[in-house]
Amino acid sequence: MDRQYDFAAIEKKWQKYWADKDLFSVTEDPEKQKYYVLEMFPYPSGKCHMGHVRNYSIGDVMARYLTMQGYNVLHPMGFDAFGLPAENAAIKHGTRPDVWTHDNMAEMTEQLKQLGLSYDWDRSVATCTPEYYKWMQWIFIQFFKKGLAYKKKKAVNWCPSCQTVLANEQVVDGVCERCKTPVGKKELEQWYLKITDYAERLLDDLDKLEGWPLKVRTMQKNWIGKSTGAQVFFEIEGFDQKLEIFTTRPDTLYGVTYMVLAPEHAFVQELVAGTEYEKPVAEFLDRLQYLSDIDRNSTTLEKEGLFIGRYCVNPLTGKRVPIYIGNYVLTDYGTGAIMAVPAHDQRDFDFAKKYNIEIIPVIDPGDPAIDVNDLQEAFLTEGKMINSDRFNGMNNREALDAIVAYIEEKGIGKASTIFRLRDWLISRQRYWGTPIPMLYCEHCGWVPEKEENLPVLLPEDVEFTGKGESPLTTSKTFQNGVCPVCGAPARREIDTMDTFLDSSWYFLRYCDARNDKAPWDKEKAKYWMSVDQYIGGVEHAILHLLYARFFTMFLYDIGMSPVEEPFKNLLTQGMVLKDGSKMSKSVGNIVSPEEIIAKYGADTARLFILFTAPPEKELEWSDAGVEGSYRFLNRVYRLVYDAADELKDAPAAFTAQNEDDKSLLFVLNSSIKKVGSDLKERFNFNTAISAIMVLVNELYRYRGLETQNKALLKYALDCLVLLLSPFTPHICEEMWEHLGHSESTYHQPWPKYDESALVQDTIEIVFQLNGKVKEKLNVASGLSKEAFQEAVMAEERVQQQLAGKQIVKIVSVPDRLLNVVVKG
RNA sequence: GCCCUGAUGGCGGAAUUGGUAGACGCGCUGGACUCAAAAUCCAGUGGCCUUUAAAGCCGUGCGGGUUCGAUUCCCGCUUGGGGCACCA
């Protein structure tokens, strides 16, 4: 060991040591309590960025800390390796997606190792390998067998320039994210997963996820979007089918004065066929077609409608109400048709005013300032029912339930719930994804590939043009299959799966990553699952986390997963910013991890990132801050280096000899206590590190003393190194070795604090007058309320403060303060 | 519009159940060491008033309230960030 902190040599040395000793590989050990720490695996774009460093540093500290606490810690890493960039590189540069991806994974793996992360690399997965996607296909087939995967023709996002379907995520502000062409709609037959069957469970379970940030739970709640109300059937005059609508306000049923259908509603064409309304309706539809998705869905779009010449009958009043089509009614929400109550819905109100439609109030606001029969705006809150026959006089909240019961009894409707969540469109017209293991047979229809034939391999004789249908159609042989049911020639599905499927179960695969007989061994999954701590960016708050929950629930239902919820605790880390905005190429404010590691080492990078902000907050990059972290490590290093030699023959047992020893012990033990609680209970790495800094400052003070207790000093330095080791493992291994230890810090037991060292004889307390601090005093600690008050009141300075004042009240808080309320 | 969050020195941030606001770090100032500089070590550092010190006053986005005592709890605002949104 050199007095100069040579981080490059030290980091290389210990990374090799860890790898040689295979220190981070774990197996199921029923004797030990397990802990599963997981960071969201990266897409192998080629280089790690600071967001990765932050994410993995957080996970690494937890994994290392918990290991030292004696847990059997599973801490795996892999790659979410399918996806568009590899294919775009193929289109642009003619590279092979598999080669491109594997090169990137190799490079990123190297970088991750340079950060000193404690991963069990033996469990690594890459979703683009046949060993992985074989089981992806197997899971898809299980969905199909349970009737939860189906193919359906539906209007999807279509980019007319790229000639391909786009996922919702690929439509940014209404244009294609790649070529910026406005996205249109196209009817296509696509595979869907029936996530809507799980909507209720996905929603209800959110309340149980107490280890998740409220923010994420709320976002998922909004996304699932449950509405409760009723479905009601309206007869259409001269038409044999009934119009079904959904409403959250069945209490306003008596106030319905018209109906509005989405222009694309299935009934519309039939209702106007051969009438004078046929042509205007066609024109109305035409105009809507020209609108982009954003304009169509904009809340500021002028509400327009068109009477289509037909009437419905209100099932409660028998009243005839006109049917309109309207641009503000959505085809794919609810039933695509609404009952309109202008008196109690603002949109309906505006629409009714515009087209001169009757407004019937059914709830009386009970406010003299509002004329019920001449409303100036819709009345939305509570009141008493009017114009509602037998329900008149009831509070409208009660009437809501009563009316639902009534329509159920009369068979014209029933209580109902709808969700905003849609089924998951998983087909992608892409090459670089898991092939959907389905075949179309003339006789048998869509059938799954036989499980023993999995995986359905991605063909290599494929052209990448970036246009038209799935690239898999360009393979000469891929589509030619055999029907697994009847043996006739069958055509293979040429679309691949959305990559979000791959990442919806990888945490289960980590439990038994090398299994080639099953997706994983159930006993192993039972030991490791669920993930105790999941860490990743908040940008995955909805899609990834919802899909992973959905998969886990499904896998639980078919007996494959031991748990219903995959992630017990979730930590969403904040972004890394520079100059106030997210690091990005276009802004040109990127600081690369490579650069920082080369200049200061991985330990400094980790320390800076963990110290500068609490993990869930945004982190503003600061070059001066990095310097500070580097300086601190140098300071610790010198402290240990300079002391180590004189401590060689220090005895192991120590006793505190004087006040300085006691002070050091006090700081040492409070640091141990604070670091532990900050790590385990609060994830406050920043304050944990600051506690270690306080200890280092105290050690420097102690080192400046004439007489030092060598045994105590040795003990303190040992503890210091262990406390710091989860944060900056390389330098700590080096210092640990220098302090005369031969084993790695990794499996050392976490230091324990001595409660008795935390008890101080005297303690600084505050004397307040009327709640304002007047004096700071040292008094004996651990006194009773009365004794404490007596001790403080006896102080001369206190007596001076109280001179000539009339005491009204005394509040005594031992070991903290004495507050005297006075008059005059 | 609805929902979730946040607002504390020059800066990043502490204050864990209502009890000394500003821990720790950055920056800055001064000192020691040095021929000098860098590095290092030590000390100081919320504002106002004051030659200095003591003392005092003000201070956690704004306005009220509860309390002996409020960054913390309650009511009403301002404002930054995020999510959802013609959702029937």
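Computed from a predicted structure; not experimentally measured.
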### Task
Quick one: label Thr248(A) by what it contacts on the DNA or RNA (base, sugar-phosphate, nothing), any heavy atom closer than 4.0 Å.
sugar-phosphate
### Message
Should the side chain of Lys776(A) and the base of U20(B) be counted as holding a donor-acceptor pair, with the cut-off at 3.5 Å?
### Response
yes
## Note on the structure
Here the distance between atom P of G19(B) and atom CZ of Phe788(A), to the nearest Å, is 15 Å
### Task
May I ask you to check whether Tyr324(A) and Phe351(A) place their ring centers less than 6.0 Å from one another?
yes
### Message
Please tell me if Arg347(A) has a side-chain N or O lying less than 4.0 Å from either OP1 or OP2 of C87(B).
### Response
yes
### Query
Is the phosphate of C87(B), meaning OP1 or OP2, less than 4.0 Å from a side-chain N or O of Arg249(A)?
no
### Query
Under a 4.5 Å cut-off applied to non-hydrogen side-chain atoms, are Ser663(A) and Glu698(A) in contact?
yes
### Task
Compute both the distance and the angle, then confirm whether Arg635(A) meets the cation-pi test with Tyr700(A): under 6.0 Å from the six-membered ring centre, within 45 degrees of the axis.
yes
At a cut-off of 3.5 Å, list every protein nitrogen or oxygen paired with a nitrogen or oxygen from nucleotides 6-9 of chain B, distance to 0.1 Å.
none

### Under 4.0 Å protein heavy-atom contact, by nucleotide of nucleotides 66-76 of chain B - B base, S sugar-phosphate only
--B--------
### Task
Please state whether the rings of Phe379(A) and His344(A) are parallel, tilted or perpendicular, taking 30° and 60° as the class boundaries.
perpendicular
### Message
Could you tell me how far apart Glu627(A) (CD) and G12(B) (C1') are, to the nearest whole angstrom?
### Response
16 Å
### Query
When we call it a touch if two heavy atoms are under 4.0 Å apart, what does Pro614(A) touch: a base, just sugar-phosphate, or nothing?
sugar-phosphate
### Task
Please check if the distance between the ring centroids of Tyr600(A) and Phe608(A) is under 6.0 Å.
no
### Query
Is any side-chain N or O of Lys772(A) closer than 4.0 Å to OP1 or OP2 of C58(B)?
yes
### Message
Using whole Å, what does the distance between atom P of nucleotide A21(B) and atom CZ of Arg816(A) come to?
### Response
12 Å
### Query
Using a cut-off of 4.0 Å on non-hydrogen atoms, how would the nucleic acid contact of Lys226(A) be classed: base, sugar-phosphate, or nothing?
nothing
### Query
Any side-chain N or O of Arg701(A) less than 4.0 Å from the OP1 or OP2 oxygen of C42(B)?
no
### Message
With a cut-off of less than 4.0 Å, is there a side-chain N or O of Asn697(A) near OP1 or OP2 of G25(B)?
### Response
yes
### Query
Taking OP1 and OP2 of A39(B), is either one under 4.0 Å from a side-chain nitrogen or oxygen of Arg631(A)?
no
### Message
On RNA chain B, does the nearest nucleotide to Leu214(A) precede the nearest nucleotide to Gln801(A) from the 5' side, or the other way round? Give the residue.
### Response
Leu214(A)
### Message
Can you list every stem that RNA chain B is part of, counting only runs of 3 or more consecutive Watson-Crick or G-U wobble pairs with both distances under 3.5 Å?
### Response
B:1-7 with B:78-84, B:10-12 with B:24-26, B:27-32 with B:40-45, B:46-48 with B:56-58, B:61-65 with B:73-77
### Query
Within the structure, does a side-chain N or O atom of Arg420(A) lie under 4.0 Å from either OP1 or OP2 of A85(B)?
yes
### Query
Is the base of G13(B) syn or anti, where syn means the angle lies within 90° of 0?
anti
### Query
Taking only N and O in the side chain of Thr687(A), is any of them less than 4.0 Å away from OP1 or OP2 of U16(B)?
no
### Message
If I take atom CG in residue Leu209(A) and atom C1' in nucleotide C4(B), what distance separates them, rounded to the nearest angstrom?
### Response
17 Å
### Message
OP1 or OP2 of G25(B) versus the side-chain N and O atoms of Arg635(A): is any pair under 4.0 Å?
### Response
no
### Message
Once you measure the plane-to-plane angle for Tyr637(A) and Tyr5(A), does it fall in the parallel (<30°), tilted (30-60°) or perpendicular (>60°) bin?
### Response
tilted
### side-chain N/O Asn686(A) vs G12(B) OP1/OP2, d < 4.0 Å
no
